[in-house]
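Note that these values count all heavy atoms, side chains included, but never hydrogens, waters or copies made by symmetry.
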Amino acid sequence: MLAHRGWLDDARILDCFAGSGALGIEALSRGARSAIFVESVPAAARVLRSNVVASGLAERSRVMTMPMTRAVRALGREGVVVDGVLADPPYGEHLVQQLLDEIERAGVLAEDGWIAVEHAADEPPVPGPGLALVASRRHGRTTLSLLARATEDA
C-alpha cells in the first residue's frame, strides 16, 4: 500500500516497535533512504541489528534500544524529522494512541508525512489535529491504518 502511493521513495522512516526490523528493512529494500528502528526489548534489538547488517543496510539504519516514548522524545530533541512512521505495537496496551500523541508532541513527522500502524480492530487510532485517516484495511481482528498529514485542499 505504501509503495503504491510512492510514500517509500527516498523516505526517511521511523520503525517503532520494530521487533526483528522486518517492516523497516522492507521499506529500505523498496526505496526508502534511511530507517530508524526503535525496539525496547534488548534481545529483539540484537536480532534487529543482526538483520540490518545481514541485509547490507547498516549504513542506512540506526537502532535505538529504548521505549518508544523515550526514543521519539530524543529524536525530537535532536531535530530529526521523518517522512513516514511504521508501527506494529503490542495489542491491548493502548500504544497506538500514545504513539500518535508522542509523534505530534515531538514534532518528528514531516509536513507531508504519513503513519502506517497495525493495530487491533477494536483499538482504532484517533487522528489528532493535522492528521487524517486515508485508508484502513481490516484482516480479521487486525487492522492496518494509514494516516497522513491533512492538507488545506483535502
Side chain to side chain donor-acceptor pair (under 3.5 Å) evaluation trace for Thr142 with His119:
CA-CA 6 Å; Thr142 299; His119 56 88; over 6 Å; no

Determine, stepwise, if the pair Leu28 / Ser61 fulfils side chain to side chain contact (heavy atoms under 4.5 Å, CB included).
CA-CA 9 Å; Leu28 288 168; Ser61 303; 3.5 Å; yes

Might you work through the side chain to side chain contact (heavy atoms under 4.5 Å, CB included) test for Ile13 and Leu8, ending with a clear yes or no?
CA-CA 8 Å; Ile13 301 296; Leu8 295 177; 4.1 Å; yes

Residue pair Val85, Leu109: steps toward the side chain to side chain contact (heavy atoms under 4.5 Å, CB included) verdict:
CA-CA 8 Å; Val85 178; Leu109 188 62; 4.2 Å; yes

Assess whether side chain to side chain contact (heavy atoms under 4.5 Å, CB included) is satisfied between Leu99 and Cys16, documenting all intermediate values.
CA-CA 9 Å; Leu99 171 69; Cys16 292; 3.8 Å; yes

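Arg70 places no side-chain N or O within donor-acceptor distance of the main-chain N or O of Val72, the cut-off being under 3.5 Å. In this structure, Glu123 contributes its side chain and Gly92 its backbone to a donor-acceptor pair below 3.5 Å. Panel note: side chain Asn51, backbone Ser20; a donor-acceptor pair is recorded below 3.5 Å. Put simply, the side chain of Asp10 never gets that close to the backbone of Arg33: no donor and acceptor are under 3.5 Å apart. Between the side chain of Glu104 and the backbone N or O of Gly128, no donor-acceptor pair lies under 3.5 Å.
Linking ILVMFWY residues whenever their side-chain heavy atoms come closer than 4.5 Å, directly or via other members, places Val108 and Val96 in the same cluster. Cluster membership check: Leu147 shares its hydrophobic cluster with Ile103, using side-chain heavy-atom separations under 4.5 Å among Ile, Leu, Val, Met, Phe, Trp and Tyr. Note: the hydrophobic cluster containing Phe37 does not contain Val47 (ILVMFWY, side chain heavy atoms under 4.5 Å, direct or indirect links). Cluster annotation: Leu133 and Leu131 are assigned to the same hydrophobic cluster (Ile/Leu/Val/Met/Phe/Trp/Tyr, side-chain heavy-atom contacts under 4.5 Å, transitive).
Between Val63 and Thr65 there is a side-chain heavy-atom pair separated by less than 4.5 Å. Between Leu146 and Trp114, every side-chain heavy-atom pair lies at or beyond the 4.5 Å cut-off. Counting heavy atoms from C-beta outward, Leu144 and Val117 have side chains that stay 4.5 Å or more apart.
Ionic pairing of Arg149 and Asp112 is not present here: no N-O contact between side-chain nitrogen and carboxylate oxygen is shorter than 4.0 angstrom.
For the atom pair CG (Leu100) and CD1 (Ile115), the distance works out to 5.0 Å, reported to the nearest 0.5 Å. Taken to the nearest 0.5 Å, the CG atom of Leu95 stands 5.5 Å off from the CD atom of Gln98. One distance of note links CZ of Arg30 with CG of Asp9; it measures 11.5 Å at 0.5 Å rounding. Atom-to-atom distance recorded for Ile36:CD1 and Leu75:CG is 5.0 Å, nearest 0.5 angstrom.
Every residue meeting the side-chain hydrogen bond (donor to acceptor under 3.5 Å, both in side chains) condition with Glu102, not counting sequence neighbours, appears here in chain and number order: Arg73, Arg105.
Pairs passing the salt bridge (charged side-chain N to carboxylate O under 4.0 Å, His left out) check and including a residue from residues 38-64, sequence neighbours excluded, read Arg62-Glu78.
Among Leu57, Leu48, Asp15, the one residue that satisfies the side-chain contact (heavy atoms from CB on, under 4.5 Å) test with Ile25 is Leu57.
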